[in-house]
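Below, chains carry the letters A, B, ... as their sequence lines are ordered, and counting in each starts from 1. Remember, predicted model here, so these are calculated numbers, not experimental data.
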Protein chains: 2
Amino acid sequence: MSNIQNILRNNKLSVTEGRKKILQLFLNTEGALAHSDIEMGAGENFDRVTIYRTLHSFVEKGIIHVIPSADNSIKYALCKDECSEGHHHDHHVHLVCSVCQKTLCLDEVVVPVVNFPTGYYIENIEVVANGICKQCNS
Amino acid sequence: MSNIQNILRNNKLSVTEGRKKILQLFLNTEGALAHSDIEMGAGENFDRVTIYRTLHSFVEKGIIHVIPSADNSIKYALCKDECSEGHHHDHHVHLVCSVCQKTLCLDEVVVPVVNFPTGYYIENIEVVANGICKQCNS
DNA sequence: CAAAAATAGCAACATTGTTGCAAATAATTG
DNA sequence: CAATTATTTGCAACAATGTTGCTATTTTTG
């Protein structure tokens, strides 16, 4: 039950109310969360600054990862256990559903190999698909 | 020489100073531009609102396209001629260079086919690679 | 060139993100 | 377990980014 505490402890983060609530929210949520979702959904009223800082340290520690967006609405989602401090390995595809507006991590869909011309060095690749998710497409 | 006027006319946009200057800037620039780049680089001082609206209508008309980002710094880049009003077909990969910080369209690198599980409907796929560009990687 | 249509600029505001600092909370150590 | 130390929080103030309504100006059209 104190899974949450463990996650924080394992990542060398002090266990505070704010971090517990925000991590809780991620664990309870299917799909990604934007800063504003957290501001509204985290139960109590945390200062916006606290949320920014919490999200930053979660990303740094590899607890969550950032999902890029084309409309200034960056989202965050839980990392699977392959992620560790400073090294994100979430090589899955993201889907933004145009019906329910949720952003989902399609863990089973792996980012394909892309062939770049010689001369480039590629560190990582982000894939974001726009479409309709399983639930909404039925 | 009035290539610019033609582009605007062909897209049924009035030919105004702002639009000409901004389009000029895109034509003169290798790589993508952020709103702030335009605010600084467009020569004269355009109202920020004008720039927002110009970018919106250029996107709508298929003159430029949006490149998603993971750090709230959306960039815009010229579309090739396959794009038309309401239909973007820029299925190329984008590269964000960690050295020169430029965002480039790699027109020769096509977005690969991604296999999604049944049940999803996919409209389009965005691929953004982080790495080092040809120029900086030598 | 005049009338109609479209666009630009301004003002005011909303949202998002950052920084420094003092107070509160959590971890550590004896 | 209490006291010290380290960390984190909330606040305030600010900066940057994005939006909307309205009027004046510019562009287009006939």
Candidate list L8(A), N6(A), I4(A), I7(A), test side chain to side chain contact (heavy atoms under 4.5 Å, CB included), partner V15(A), passing option: L8(A)

Phosphate OP1/OP2 of dG10(D): any T50(A) side-chain N/O under 4.0 Å: yes

is_close_aromatic(H65(B), Y76(B)), centroid dist under 6.0 Å: no

Residue Y52(B), side-chain atoms from C-beta onward, closest of dG18(D), dT18(C), dT28(D): dG18(D)

Any S14(A) side-chain N or O less than 4.0 Å from OP1/OP2 of dT8(D): yes

Interatomic distance, E39(B) CD vs dG9(C) P [rounded to whole Å]: 12 Å

Earlier contact from the 5' end, DNA chain D, for I74(B) and R53(A): R53(A)

Touch class at under 4.0 angstrom, heavy-atom based, for R48(A) against every strand present: base

Spacing of F46(A) atom CZ relative to dA24(C) atom P, expressed in whole Å: 18 Å

Between dC22(D) (C1') and D47(B) (CG): distance, integer Å: 13 Å

Residue mapping more 5' on DNA chain D - nearest nucleotide basis, L13(B) or V49(B): V49(B)

Interatomic distance where CD1 belongs to I22(A) and C1' belongs to dG10(D) [whole Å]: 13 Å

4.5 Å side-chain heavy-atom contact, P68(A) and V128(A): yes

Same cluster (ILVMFWY, side-chain, under 4.5 Å), L95(B) and V99(B): no

Nearest-angstrom distance from the residue atom CG of N45(B) to P of dG9(C): 10 Å

Heavy-atom side-chain proximity of C136(B) to C97(B) below 4.5 angstrom: yes

Nearest-angstrom distance from the residue atom CG of L8(A) to C1' of dA27(C): 14 Å

Distance, rounded to the nearest Å, where I51(B) contributes CD1 and dT19(D) contributes C1': 15 Å

Nucleotide dT16(C), atom P - distance to CG of D37(A) in whole Å: 10 Å

Under-4.0 Å side-chain N/O to phosphate OP1/OP2 contact, T16(A) with dT7(D): no

